[in-house]
2 protein chains.
Amino acid sequence: MDICVTSLLRDKGFKVTPQRLAIYNALVATKAHPSAEMIYNELQPVYPTMSLATVYKTIEILKTLKLVQVLNVGEDSFRYDADTTNHPHIRCMCCGRVDDLHGVDSTEFTDQVAATTKYTIQGQQFYFYGVCPKCQAAASAAS
Amino acid sequence: MDICVTSLLRDKGFKVTPQRLAIYNALVATKAHPSAEMIYNELQPVYPTMSLATVYKTIEILKTLKLVQVLNVGEDSFRYDADTTNHPHIRCMCCGRVDDLHGVDSTEFTDQVAATTKYTIQGQQFYFYGVCPKCQAAASAAS
DNA sequence: TTCAGTGCAAAAGATTTGCAACCCG
DNA sequence: CGGGTTGCAAATCTTTTGCACTGAA
């Protein structure tokens with residue numbers, strides 16, 4: 001997949017730098033839907049001189065290349081997902097973790113919306129909020 | 001409905017002030033899903049001394065009273081909706097307006113999610129992105 | 001060699017907080 | 001009258017921007 005990013009970057013006239021590869025690889029390697037700062041912190045040990053600004057600038061490029069999607073789970077910061085398929089997300093209101101919801105079919109719902117609205121639909125984001133298994137266990141243990 | 005907010009505030013030990021009523025009424029009166037700043041600007045002529053901080057503090061209270069819901073449509077700021085029923089929203093990627101999507105049934109979709117996930121689900125937000133009728137017209141006129 | 005990219009620092013926005021004066025109850 | 005509320009200003013936090021230096025091609 002490095003090859004893929006590499007050629008995609010080159011094709012669009014972007015240069016291939018170690019920072020960009022590291023940021024993209026970090027996103028591909030995790031299911032935690034990290035924020036810019038989380039990515040920055042994770043790469044600190046390996047790239048001690050990399051700045052947060054570079055993370056933001058790189059994410060901007062990855063967005064335009066459609067290699068990442070942006071999540072707005074309702075926190076103060078954005079989160080990013082290298083899985084650009086159209087899937088819902090769920091956030092734990094207790095610990096803040098964000099998980100994917102795969103294997104759910106929303107086509108009937110989205111078809112209804114498309115048929116009802118006068119908008120031309122181009123994208124969608126479905127967010128659920130709840131308590132994750134770990135926090136449920138922690139809560140029952142505490143009681 | 002003023003009566004309703006008034007007693008709700010009092011019941012919870014909050015004082016009833018003109019600012020709070022004005023902010024809530026502004027939210028009830030619009031379908032534009034305004035941001036804090038939009039509310040502030042709208043009330044400026046009537047309450048020239050009111051500050052943005054008061055808008056934020058009041059919205060915080062209205063949230064705890066479940067009188068408004070928060071929308072995260074992917075802009076840099078939050079938007080608010082005094083219609084607290086569970087309905088999807090759609091944002092125009094061209095002009096930024098946010099509309100309600102009523103009359104769409106998402107129960108089958110949400111049931112599927114509830115059955116699949118190990119989370120305890122407590123809330124949800126569905127966002128669609130597209131181009132509103134006005135911007136479509138403007139685009140075709142321009143071409 | 002050359003120009004896009006990096007990293008730093010400063011800027012820009014949104015939201016929060018501290019605090020003295022104010023006013024609802 | 002008293003404590004919650006307001007409004008201002010300053011603080012905080014995320015994200016963006018300007019710019020000199022660096023490094024990919």
Strictly below 4.0 Å: does B:Arg20 bring a side-chain N or O up to OP1 or OP2 of C:dC24?
no
Value for CD (B:Gln125) from NE2 (B:His89), rounded to nearest 0.5 Å, stands at 7.0 Å
B:Glu108 atom CD, neighbour heavy-atom count above 12 within 6.0 Å:
no
Are A:Tyr129 and A:Ile90 co-members of a hydrophobic cluster defined by side-chain heavy atoms under 4.5 Å apart?
no
Hey, does the side-chain of B:Lys57 have a donor or acceptor N/O within less than 3.5 Å of a partner on the base of D:dG7?
yes
Test your reading of the model: is there a side-chain donor-acceptor pair from A:Gln136 to the backbone of A:Val131, 3.5 Å cut-off?
yes
Toward the 5' end of DNA chain C, which comes first, A:Thr58 or B:Lys63, by nearest nucleotide?
A:Thr58
Measure CD/B:Glu60 against P/D:dT6 and give the value in whole Å, please.
13 Å
Using whole Å, what does the distance between atom C1' of nucleotide C:dT17 and atom CD1 of B:Ile59 come to?
16 Å
Expressed in angstrom and rounded to an integer, what is the separation of A:Leu62 atom CG from C:dG5 atom P?
12 Å
OP1 or OP2 of C:dT6 less than 4.0 angstrom from a side-chain nitrogen or oxygen of A:Thr54, does that happen here?
no
Value in whole Å for how far the P atom of C:dT15 lies from CG of A:Asp76:
10 Å
side-chain contact (heavy atoms from CB on, under 4.5 Å) partner of B:Asp81, chosen from B:Thr30, B:Asp100, B:Val68
B:Asp100
What integer distance in Å separates B:Leu52:CG from C:dT17:P?
15 Å
Using a cut-off of strictly less than 4.0 Å, decide whether B:Tyr56 has a side-chain nitrogen or oxygen near OP1 or OP2 of C:dT15.
yes
Within the pair A:Thr49 and C:dG7, is there a side-chain N or O less than 4.0 Å away from OP1 or OP2?
yes
If only atom types and distance count, is the side chain of A:Arg91 paired as donor or acceptor with the main-chain N or O of A:Tyr127 below 3.5 Å?
no
Nucleic acid contacts of residues 12-19 of chain B, taken as heavy-atom distances under 4.0 Å to DNA chain C
B:Lys15, B:Val16
Heavy atoms within less than 4.0 Å of DNA chain C: which residues of residues 37-46 of chain B have one? Give them sorted by number.
B:Glu37
Is it true that A:Met38 and A:Leu62 fall in one hydrophobic cluster, defined by side-chain heavy atoms closer than 4.5 Å?
no
For B:Glu75 and C:dT15, give me the distance from atom CD to atom C1', rounded to whole Å.
15 Å
A:Lys57 bridged to A:Glu60 by N-O distance under 4.0 Å
no
Taking the six-membered ring for Trp, are A:Phe126 and B:Phe128 parallel (under 30°), tilted (30 to 60°) or perpendicular (over 60°)?
perpendicular
Length of the line joining A:Tyr47:OH and D:dT22:P, which is rounded to integer Å:
19 Å
From CE of B:Met50 over to C1' of D:dT5, roughly how many Å is that when rounded to an integer?
13 Å
